[in-house]
Amino acid sequence: MKSTTIPQSTMTARRVSESTARLDVSYVECERLPLALAESAARPMAIVTFGQTLSGSFPCPVIALDLPQIDGPPVAEVWTSDRPVHIQEDSSCAVAMNGDFLIGSIGLDERADRSLDDTAYEAYSTMLRRLYDAGYPYLWRVWNYFPRINDDQEGLERYRRFCVGRHRALAETLAEFPSSLPAATAVGTKSGPLQIVFLAGAQPAAHLGNPRQLNAYEYPQDYGPRSPSFARATLTRSERECVLYLAGTASVVGHASRHAGLPRQQTEETIQNIQAVLDQAKHAEGLDLIGTPRQAIYKVYVRNSSSLPAIRGAIMNTPLSRGHVLFLNGDLCRNELLVEIEGLLISG
Ligand code: 3EB
């Protein structure tokens, strides 16, 4: 067969199909969700709910977190992309893949005969195996949720046990540990299993530190026998967009907590930390994300809902208030921390 010229239309189609996915992450009012999905051409990859049960069925994994929303009408976090999505679900693990990245979740019920470090180890080992097998070996972003985060379990705080198991799995299996560690969040839910939500790429991402804070994976042992395995931010770039994932950020300077008991001051310190990471992204990567994002969403985890006015007051008139800010009631990984803020900024 003789074919030397490729028609223009085919070339265009090829170029489009080879380009990378465009990500969208939005908070959508639960009431409007079925209609919003039906009206959109975007392909849903995951829906995250906060203390709400959705009625109806959805074409992608629904990840239910018992982290009650403390402000505004109930929303769901909806992850979509413009590429075809392939979904695999079994009883404890669900993943959605689009060729560029995978979003997944693992929920493991805790068992009386097993401590949280072993449960965390199993969850992380399963997650890593899943993403290697699926061809998305680069961990981009992780969210860790489990109940009673500050309770003691056989002489060690549950958060610290979680850190031990997470560290063991990642140190064993993750290539270039610890510099390849992704941005993460660890927050205490009201109830539920150990739930790990993860984003992994077919291509590597850049992981950033914060000059105001020690890398968490280098914390001294005062905060537990194994350090928390995460980076302050992760940056992914494709030919179409740039995404900055800001890890859960708290009132921690160096490695010490600041402003115990003072929610407004903790929020101000946290925002300074976020600003420092954004500056870091700007200098390291030449990006002015805060000035130009096409999308910016923030989750503010609040330990005591009574501090909402102070925390909200501290966010007002900062660059964060230009994004969509969601306030959730959850426990944080040090007793004295009252607020933690994570972010997701998309530009391009
Ligand atoms: C800190 O800076 C605050 O263990 O995955 C923030 C984000 C925190 C993630 C985690 C912990 C984690 O140490 C706590």
Side-chain angles (χ1 to χ4, degrees), residues 65 67 105-106 116-117 119-121 123-124 127 139-150 156-171 174 177-178 180-189 194-199 207-234 244-260 263 266-277 280 298-303 328 330-344:
L65 304 174
L67 283 173
S105 86
I106 290 186
L116 182 55
D117 24 351
T119 309
Y121 176 78
Y124 267 80
M127 170 188 80
L139 202 48
W140 283 359
R141 178 62 167 101
V142 182
W143 292 262
N144 305 285
Y145 299 107
F146 54 94
R148 302 180 302 281
I149 189 166
N150 304 122
L156 192 63
E157 186 194 31
R158 281 166 53 81
Y159 171 65
R160 296 177 180 206
R161 288 201 175 272
F162 165 78
C163 285
V164 169
R166 170 174 63 176
H167 183 280
R168 182 153 71 95
L170 289 167
L174 190 70
F177 175 93
S180 56
L181 286 172
T185 293
V187 169
T189 47
L194 168 64
Q195 235 165 334
I196 314 287
V197 181
F198 50 95
L199 195 66
H207 307 292
L208 309 180
N210 181 345
R212 301 183 86 235
Q213 300 183 294
L214 196 64
N215 288 324
Y217 52 80
E218 291 168 342
Y219 281 172
Q221 294 209 347
D222 318 16
Y223 304 99
R226 288 292 176 274
S227 53
S229 308
F230 70 97
R232 299 299 175 186
T234 294
L244 184 72
Y245 299 92
L246 289 168
T249 307
S251 178
V252 171
V253 179
H255 56 72
S257 307
R258 291 273 176 93
H259 318 295
Q266 285 198 14
T267 310
E268 288 165 357
E269 198 72 68
T270 299
I271 292 172
Q272 282 194 55
N273 278 332
I274 287 175
Q275 194 60 61
V277 175
Q280 194 74 355
Y298 299 93
K299 279 196 205 83
V300 182
Y301 300 98
V302 176
R303 185 187 287 276
L328 302 174
D331 292 328
L332 308 171
C333 64
R334 295 183 188 180
N335 267 313
E336 66 280 11
L337 294 177
L338 302 172
V339 59
E340 185 173 306
I341 305 178
E342 64 172 50
L344 196 167

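Order of appearance sets the numbers: ligands from 1, and atoms from 1 within every ligand.
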* To do: Give the C-alpha distance, both sets of side-chain angles, the deciding distance and a yes or no for side-chain contact (heavy atoms from CB on, under 4.5 Å) between Asn273 and Gln213.
  => CA-CA 8 Å; Asn273 278 332; Gln213 300 183 294; 3.3 Å; yes

* side-chain contact (heavy atoms from CB on, under 4.5 Å) assessment of Ile106 paired with Gln195 -> CA-CA 6 Å; Ile106 290 186; Gln195 235 165 334; over 6 Å; no

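- Salt bridge status for Glu269 with Arg212: present, with a side-chain N to carboxylate O gap under 4.0 Å.
- The part of Tyr219 lying near ligand 1 is the side chain, judged by heavy-atom distances below 4.0 Å.
- Any N or O atom pair closer than 3.5 Å counts here, and Gln213 shares no such pair with ligand 1.
- Ionic pairing of Arg141 and Glu342 is present here: one or more N-O contacts between side-chain nitrogen and carboxylate oxygen are shorter than 4.0 angstrom.
- Only the backbone of Thr185 comes within contact range of ligand 1, with a heavy atom under 4.0 Å; no side-chain atom does.
- Remark: minimum distance from atom 12 (C) of ligand 1 to any protein heavy atom is reached at Phe230 CE2, 3.2 Å.
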* Determine, stepwise, if the pair Phe162 / His167 fulfils side-chain contact (heavy atoms from CB on, under 4.5 Å). => CA-CA 8 Å; Phe162 165 78; His167 183 280; over 6 Å; no

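- Residues Leu194 and Ala120 share a closest heavy-atom pair of CD2-CA, 3.7 Å.
- The closest approach between any non-hydrogen atom of Tyr159 and ligand 1 is below 4.0 Å.
- A 4.5 Å side-chain heavy-atom check between Asn144 and Tyr124 finds at least one atom pair inside the cut-off.
- Contacts between His255 and ligand 1, counted as non-hydrogen atom pairs separated by less than 4.0 Å, are absent for every part of the residue.
- The closest approach between a heavy atom of Arg232 and any atom of ligand 1 is below 4.0 Å.
- Below 4.0 Å from some heavy atom of Cys333 lie the following atoms of ligand 1, by number and element: 8 (C), 11 (C), 14 (C).
- Checked against a 3.5 angstrom limit, the closest N/O atoms of Arg166 and ligand 1 fall inside it.
- Under 4.0 Å from ligand 1, the heavy atoms of Pro228 that appear belong solely to its side chain.
- Contact check for Ser257 versus Gln266: no side-chain heavy atoms found under the 4.5 Å cut-off.
- Of the protein's heavy atoms, Gly248 O, 3.2 Å lies nearest to atom 7 (C) of ligand 1.
- Within ligand 1, the atoms closer than 4.0 Å to a non-hydrogen atom of Ala184 are 5 (O), 7 (C), 9 (C), numbered from 1 in the order shown.
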